[in-house]
**Q** 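One structure is given below, represented as structure tokens, and several questions about it will come after.
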Amino acid sequence: MLRGLAGPAVAHSLLTEPCWLGFAARCEARCGRGSHIMTWIDKALDGCPPQVVINDSKTPSGRAHVGSLRGVLIHDALARVARERGLDTTFMYGCDDMDAVDEIPHGTGKQFVEHLGKPLWAAPAPEGLRGDSMAEAYFGEFTGKWFGAADSQVGDTPGPFDALGVQAEFYRMSDVYRSGRLDDVIDTFLQAAADVRQIYLRLSGAERSDDWLPFQPICERCGRIGTTYATDYDGETVAYECRPDLVDWASGCGHRGRISPFGGNGKLPWKLEWAAKWKLFGISIEGAGKDHMAASGSHEVSSALARHVLQCPVPVAVPYEFFTLGGAKMSSSRGIGMNSSGLVEMLPPQLLRYLVLRTQPRRSINFDLDVPSLTKAFVEYERLWRSAAGSDASESQRQLFDVAQAEEGAPIPIVPTVDARFDSVLSLTQQPHMSLFGHVRSIHGDVSEADADWLACKETTAEEFIRVRPDLAGMFRMLNVSEAAEQRSMLDERQHRFLARLAQRLTELSPWEARDIQDAIFDAARDVGIDPKTDAPVVFEAIYGVLFGSQTGPRAGSLLAFLGKRETLTRLG
RNA sequence: GCGCCUCUAGCUCAAUUUGGCAGAGCAACGGACUCUUAAUCCGCAGGUUCUGGGUUCAAGUCCCAGGGGGCGUACCA
């Protein structure tokens with residue numbers, strides 16, 4: 001598309017995308033040549049008017065899993081770069097609390113059966129979660145934003161959004177409906193019900209009967225919104241029936257009545273609501289998960305509704321793929337996958353932002369939460385850090401590093417000089433006798449504040465990792481004396497002789513130091529005719545067996561050094 | 001059916017957004033180390049970038065066609 005010099009692209013942009021020019025000029029001023037960056041962020045913003053309204057939203061029907069973070073971070077990165085370009089930028093984040101409870105949230109009991117079909121704001125909060133409704137509880141947990149005045153605690157709490165440095169203007173759809181701001185759009189859609197049916201039919205082959213209206217009233221008798229069928233709009237009210245069999249996940253009460261569709265008495269179906277938000281808020285850019293972006297999917301239908309019924313422009317779409325953890329498909333309703341607050345607590349915010357934002361949205365991200373992947377992530381982030389701080393950084397590298405920082409607009413932090421691989425930090429952290437900082441000082445001398453801070457980030461990550469995945473971290477529980485005796489009985493003759501000989505050597509050992517202990521292990525092995533070169537496992541399985549009931553463990557020398565002479569000799573028998 | 005993603009060293013993947021000498025980690029191989037572990041150090045190799053066309057001074061990267069794999073989606077938001 002862009003070939004040779006930038007001439008044709010500039011000419012094209014002049015015609016269609018005015019804000020591109022300002023940016024190109026600034027970029028040229030900054031790097032002193034005609035090159036410009038054109039990342040997915042730039043491309044999305046190039047289609048925007050100078051007044052940028054970015055919107056994202058979440059249906060709070062369960063605990064948010066890490067996949068939900070991708071949309072948030074994509075929108076946040078767009079908002080940051082837009083602001084950086086000097087554009088008038090708004091980042092809105094909505095709580096879709098008018099949506100119906102359409103399944104029982106994972107981890108909650110049968111008591112939610114009676115609430116199926118009600119709006120999320122009308123269902124109670126699950127046990128143990130803060131908030132006065134299901135919507136409040138899950139949205140608050142994810143964002144740290146608490147709307148509810150009835151809640152005993154006051155104000156917002158630091159949540160994942162705060163940790164990640166995401167600043168958005170929050171709104172609730174229930175408030176928007178109640179305020180009457182959507183009444184005009186609702187009226188338009190109801191008047192144009194035939195067109196809406198036509199669009200549904202044409203795009204997704206969905207056939208609706210002639211009396212169907214695109215509106216879901218809240219049943220005045222049972223309070224459900226997912227079970228009502230509306231007909232006969234007279235400009236003031238709609239007729240509706242709360243049907244027992246409209247959907248198979250909830251059962252309506254059978255009530256019939258007439259009600260005004262305005263002022264929060266009900267909601268628009270999803271695809272119409274999406275288009276309605278575009279028009280009401282003047283949204284210029286909005287990403288969407290791939291599930292919405294399929295051909296004849298919800299985005300296409302919403303676009304057609306916006307263009308043909310509401311006569312409003314469709315925001316620039318940023319379709320994004322899923323973000324999976326360990327290759328597992330995540331589902332908040334089934335409780336699969338780590339919830340987002342867990343990952344946010346574990347990783348330094350800039351690392352998580354980096355991991356998510358370095359991949360262009362259309363490509364899927366799979367992050368394995370294991371030692372090699374974490375180690376690699378830190379190494380790659382540090383490489384970008386060094387390069388961003390140096391003079392050889394490309395514009396796109398700079399942009400990526402900037403949007404990865406938790407604090408917007410912060411200067412580039414001092415690059416750490418202590419080279420501490422995450423797997424080494426993890427290894428040190430899991431051995432209580434070792435102090436990470438003590439160890440680093442013994443090698444590097446005093447460390448700078450910048451190094452100490454970054455090291456502390458890694459240590460926190462290591463501690464969380466050990467807590468969450470002790471199996472992968474290689475944590476070992478020390479056996480008690482009787483368990484150790486039991487393990488000892490399972491060893492073979494050679495191993496018994498080895499342990500006896502080792503005890504003998506260690507008794508004589510002074511001073512009690514890791515390196516000498518390790519040597520003693522090898523010497524003891526040779527003493528009893530075991531060649532450590534070929535039969536090392538025989539030796540170490542004996543040691544780890546009586547200590548942990550395991551075949552492997554932390555480096556034996558330093559471990560025994562920590563255990564102390566008396567304790568070690570007791571355990572070896 | 002339709003849409004999106006993907007195919008690169010034995011394996012897992014970078015480099016595809018910005019076309020510019022195809023790169024890491026692990027495994028293998030050679031060597032060092034009397035120190036086991038997903039965990040010592042040095043070194044050496046490793047490629048028709050799925051296939052076929054096209055654009056270009058230049059293509060893993062862009063375009064067209066074909067093949068393999070994955071995911072999404074069809075009156076729920």
Side-chain angles (χ1 to χ4, degrees), chain A residues 1-4 6 9 35-44 57 59 61 96 98-103 120 173 197 200-201 203-209 212 214 216 225-226 246-250 267-274 289-301 319-322 324 327 329 358-364 366 368 370-373 375-376 379-380 383 394-397 399-400 421 423-424 426-427 472 474 514-523 525-526 531-533 535-541 543-544 550-558:
Chain A
M1 125 204 158
L2 184 63
R3 148 182 331 153
S35 72
H36 60 279
I37 55 174
M38 191 56 76
T39 61
W40 60 269
I41 298 177
D42 301 308
K43 281 193 173 168
S57 64
T59 302
S61 57
D96 291 331
M98 283 290 273
D99 294 2
V101 180
D102 62 0
E103 57 189 347
L120 288 160
M173 281 315 288
R197 286 194 293 264
Y200 266 80
L201 180 65
L203 288 181
S204 50
E207 207 159 338
R208 312 265 182 172
S209 63
W212 176 84
Q216 301 174 281
I225 195 172
L246 185 70
V247 291
D248 54 15
W249 40 270
K267 75 186 291 290
L268 292 164
W270 155 245
K271 293 168 196 178
L272 288 83
E273 185 177 285
W274 205 4
K290 74 179 295 190
D291 46 343
H292 301 303
M293 299 305 293
S296 72
S298 49
H299 190 269
E300 201 171 303
V301 173
Y320 56 89
E321 257 280 0
F322 296 144
T324 58
K329 259 185 295 179
R358 68 173 170 178
T359 306
Q360 29 187 334
R362 279 174 189 271
R363 299 180 62 161
S364 64
N366 179 47
D368 286 313
D370 57 21
V371 179
S373 301
T375 303
K376 194 174 167 193
V379 167
E380 285 167 352
R383 189 180 300 154
S394 70
E395 287 288 323
S396 60
Q397 283 176 317
Q399 185 188 66
L400 175 58
R421 284 169 53 100
D423 51 9
S424 307
L426 181 67
S427 170
L472 293 180
R515 195 188 165 87
D516 299 326
I517 295 169
Q518 191 83 14
D519 284 339
I521 292 170
F522 280 79
D523 290 338
R526 276 183 290 273
D531 180 1
K533 201 112 184 165
D535 285 338
V538 175
V539 169
F540 287 100
E541 281 167 22
I543 295 174
Y544 295 126
S550 157
Q551 298 198 331
T552 59
R555 183 173 274 270
S558 53

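Excluded from the calculations below are hydrogen atoms, water molecules and symmetry mates; all remaining heavy atoms, backbone and side chain alike, are included. Naming: A, B, ... by sequence-line order, numbering from 1 per chain. These numbers were taken from a predicted model, which means no experiment stands behind them.
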**Q** Which value, rounded to the nearest 0.5 Å, describes the distance between A:E380 atom CD and A:T375 atom OG1?
**A** 11.0 Å
**Q** Just compare B:C71, B:U17, B:A77 and give me whichever is closest to any side-chain atom of A:K290.
**A** B:C71
**Q** Would you measure the distance from the P atom in B:C44 across to the matching atom in B:G31 and give it in whole Å?
**A** 15 Å
**Q** Check every atom of B:C76, B:U16, B:C2 against the side chain of A:A295 and return the nucleotide holding the closest atom.
**A** B:C2
**Q** Heavy atoms from C-beta onward define the side chain here; which of B:U17, B:C75, B:C4 lies closest to that of A:A206?
**A** B:C75
**Q** When the P atoms of B:G10 and B:C29 are compared, how many Å lie between them, rounded to an integer?
**A** 15 Å
**Q** What closest approach, in Å, do A:L268 and A:P214 show between heavy atoms, and which atom pair accounts for it?
**A** CD2-O, 3.6 Å
**Q** Report the distance from atom NE2 of A:H299 to atom P of B:A77, rounded to the nearest whole Å.
**A** 17 Å
**Q** A:E273 or A:S204: which one's nearest nucleotide on RNA chain B is closer to the 5' end?
**A** A:S204
**Q** Does the structure show a Watson-Crick or G-U wobble partner for B:G72, both distances under 3.5 Å? Name it, or say none.
**A** B:C2
**Q** Take the protein atom CD1 of A:I521 and the nucleotide atom C1' of B:C35, then report the distance between them rounded to whole Å.
**A** 9 Å
**Q** Using the P atoms only, state how far B:C13 lies from B:U73, rounded to an integer number of Å.
**A** 23 Å
**Q** Nearest-Å distance, CZ (A:R358) to P (B:A15)?
**A** 8 Å
**Q** Which of the following nucleotides, B:U17, B:C76, B:G72, is nearest to the side chain of A:A294?
**A** B:G72
**Q** Can you tell me, in whole Å, how much space there is between the P of B:C26 and that of B:C63?
**A** 35 Å
**Q** Hey, does the side-chain of A:R363 have a donor or acceptor N/O within less than 3.5 Å of a partner on the base of B:U16?
**A** yes
**Q** Should B:A24 form a Watson-Crick or G-U wobble pair with both distances under 3.5 Å, which nucleotide is its partner?
**A** B:U12
**Q** Does the structure show A:W40 stacking with B:U17, if we require the centres to be closer than 5.5 Å and the planes to be within less than 30 degrees of parallel?
**A** no
**Q** For A:L272 and B:A77, give me the distance from atom CG to atom C1', rounded to whole Å.
**A** 12 Å
**Q** Nearest 0.5 Å, what's the CH2-CD distance between A:W249 and A:E103?
**A** 10.0 Å
**Q** Using Watson-Crick or G-U wobble geometry with both distances below 3.5 Å, tell me the partner of B:G66, or none.
**A** B:C50
**Q** How far, in whole Å, is B:C11 from B:U49 if one measures between their P atoms?
**A** 16 Å
**Q** Nearest-Å distance, CG (A:L120) to P (B:C76)?
**A** 17 Å
**Q** Counting heavy atoms from C-beta on, name the nucleotide in B:C5, B:U17, B:C35 closest to the side chain of A:R362.
**A** B:C5
**Q** A:E207 CD to B:C75 P: how many Å, rounded?
**A** 12 Å
**Q** Nearest-Å distance, CZ (A:F322) to C1' (B:U73)?
**A** 10 Å
**Q** Quick one: on RNA chain B, does A:R383 or A:H292 contact a more 5' nucleotide (nearest heavy atom)?
**A** A:R383
**Q** Given the P atoms of B:G72 and B:A24, what is the spacing between them in whole Å?
**A** 35 Å
**Q** For B:C41, which nucleotide in any strand shown is its Watson-Crick or wobble partner with both distances under 3.5 Å?
**A** B:G31
**Q** What is the distance from CH2 of A:W274 to C1' of B:A77, rounded to the nearest Å?
**A** 11 Å
**Q** Mind checking the P distance from B:A15 to B:G20? Whole angstroms is fine.
**A** 12 Å
**Q** Step through it carefully: locate the ring centre of A:Y320, locate the ring centre of A:W40, and say whether they are under 6.0 Å apart.
**A** no
**Q** Find the distance between CE (A:M293) and CZ (A:R362) and round it off to the nearest 0.5 Å.
**A** 7.0 Å
**Q** Sort out for me which residue in A:D96, A:I225, A:L272 forms a side-chain contact (heavy atoms from CB on, under 4.5 Å) with A:K267.
**A** A:I225
**Q** What distance, rounded to whole Å, do you find between the two C1' atoms, one in B:G70 and one in B:G30?
**A** 40 Å
**Q** So A:H292 and A:W270, would you call those rings parallel, tilted or perpendicular, with 30° and 60° as cut-offs?
**A** tilted
**Q** Name the pairing partner of B:U36, where a pair is Watson-Crick or G-U wobble with both distances under 3.5 Å, or state none.
**A** none
